[in-house]
Undergrad: 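One structure follows; several queries about it will come next.
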Amino acid sequence: MITFMQVILAVFILIGGFIKLFRIPFQVEHWRQYHYPLWFMSVIGLIELIGAIGMIAGIWNQYLVLGSSILFIILMIGAIHAHIFRAHQNIITVIPATICLLLSLVVIL
């Protein structure tokens, strides 16, 4: 069951990373609402890709799961903060980040 959660989490984060790296227009608009520079979006996208690869590799190495999960927890707390406090968006916008945060916590435990 944990392996399934790792794969789901990795795929979800991987998609988000690619969306940021390729600067898909809707993500660029969100990023501007957060008042972060666009170069930071690329950095976060790259970090997400690295974390997703680590999560998948964590199927065979428990230390990579731990590191990737901690990384995702930090990223998702930042995402929730950006949605609520920087962009003042509706609480519904934090649902994906909250799900990823909870999955990361479950994978660690």
Side-chain angles (χ1 to χ4, degrees):
M1 184 65 167
I2 295 298
T3 302
F4 176 73
M5 284 193 239
Q6 284 175 247
V7 171
I8 295 299
L9 185 58
V11 167
F12 196 74
I13 298 290
L14 189 67
I15 291 168
F18 278 123
I19 286 171
K20 289 173 186 71
L21 281 177
F22 290 115
R23 295 191 177 190
I24 304 300
F26 81 89
Q27 186 65 42
V28 172
E29 179 58 34
H30 283 226
W31 213 257
R32 288 192 173 121
Q33 291 175 6
Y34 308 146
H35 304 286
Y36 290 135
L38 288 181
W39 64 263
F40 190 54
M41 182 172 70
S42 298
V43 169
I44 295 298
L46 183 61
I47 291 171
E48 287 177 345
L49 291 180
I50 292 167
I53 292 167
M55 184 62 69
I56 294 295
I59 293 170
W60 301 278
N61 182 325
Q62 67 185 13
Y63 298 109
L64 290 174
V65 171
L66 180 63
S68 293
S69 293
I70 291 169
L71 176 67
F72 291 162
I73 289 168
I74 293 166
L75 288 172
M76 293 308 109
I77 289 170
I80 291 167
H81 176 268
H83 284 289
I84 294 174
F85 297 106
R86 293 187 66 92
H88 306 287
Q89 294 174 337
N90 190 312
I91 195 77
I92 292 171
T93 62
V94 301
I95 291 173
T98 303
I99 291 169
C100 287
L101 175 65
L102 294 174
L103 280 176
S104 297
L105 288 168
V106 169
V107 168
I108 286 178
L109 301 174

Undergrad: Can you name the closest pair of heavy atoms from Ser42 and Leu21 and give their distance?
TA: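 Minimum heavy-atom contact is O-CD2, 3.4 Å.
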
Undergrad: Can you hop from Ile74 to Phe85 via hydrophobic side chains spaced under 4.5 Å?
TA: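 Result: yes, single cluster for both.
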
Undergrad: I'd like to know whether Tyr36 forms a side-chain contact (heavy atoms from CB on, under 4.5 Å) with Val43, so could you lay out the CA-CA distance, the side-chain angles of the two residues, the decisive distance to 0.1 Å, and finally the verdict.
TA: CA-CA 11 Å; Tyr36 290 135; Val43 169; over 6 Å; no

Undergrad: Kindly assign one of parallel, tilted or perpendicular to the pair His83 and His30, based on the angle between their ring planes and the thresholds 30° and 60°.
TA: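 Geometry flag for His30 against His83: perpendicular rings.
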
Undergrad: Write out all pairs satisfying salt bridge (charged side-chain N to carboxylate O under 4.0 Å, His left out) with one or both partners inside residues 13-27, taking only residues at least two apart or from two chains.
TA: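 Qualifying pairs, neighbours excluded: Lys20-Glu48.
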
Undergrad: Are the side chains of Ile108 and Ile73 in touch, meaning some heavy atoms are under 4.5 Å apart?
TA: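 In contact.
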
Undergrad: Of the non-hydrogen atoms in Tyr34 and Ala82, which two are nearest, and what is the gap between them?
TA: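 Minimum heavy-atom contact is CD2-O, 3.6 Å.
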
Undergrad: Within the structure provided, determine whether Leu103 and Phe72 are in side-chain contact (heavy-atom separation under 4.5 Å).
TA: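 Answer no - side chains too far apart.
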
Undergrad: Any link between Leu105 and Val107 through a network of hydrophobic side chains (Ile, Leu, Val, Met, Phe, Trp, Tyr) touching at under 4.5 Å?
TA: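 Yes, one cluster joins them.
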
Undergrad: Taking a hydrophobic cluster as the set of Ile, Leu, Val, Met, Phe, Trp and Tyr residues connected by side-chain heavy atoms closer than 4.5 Å, whether directly or through intermediates, do Ile53 and Met76 fall within one such cluster?
TA: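 They do not share one cluster, since no chain of ILVMFWY contacts under 4.5 Å joins Ile53 to Met76.
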
Undergrad: Is there side-chain contact between Val65 and Gln6, with heavy atoms separated by less than 4.5 Å?
TA: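 Yes, at least one pair of side-chain atoms sits under 4.5 Å.
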
Undergrad: Return yes if some donor-acceptor pair links the side-chain N/O of Ser69 with the main-chain N/O of Leu66 below 3.5 Å, else return no.
TA: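 Between the backbone of Leu66 and the side chain of Ser69 there is no qualifying donor-acceptor contact (under 3.5 Å).
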
Undergrad: State plainly whether one hydrophobic cluster holds both Leu49 and Ile15, where clusters connect Ile, Leu, Val, Met, Phe, Trp and Tyr through side-chain heavy atoms under 4.5 angstrom apart.
TA: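 Yes: a chain of side-chain contacts under 4.5 Å links Leu49 to Ile15.
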
Undergrad: Heavy atoms, side chains only, cut-off 4.5 Å: are Ile95 and Ile92 in contact?
TA: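 Counting from C-beta outward, Ile95 and Ile92 do come under 4.5 Å.
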
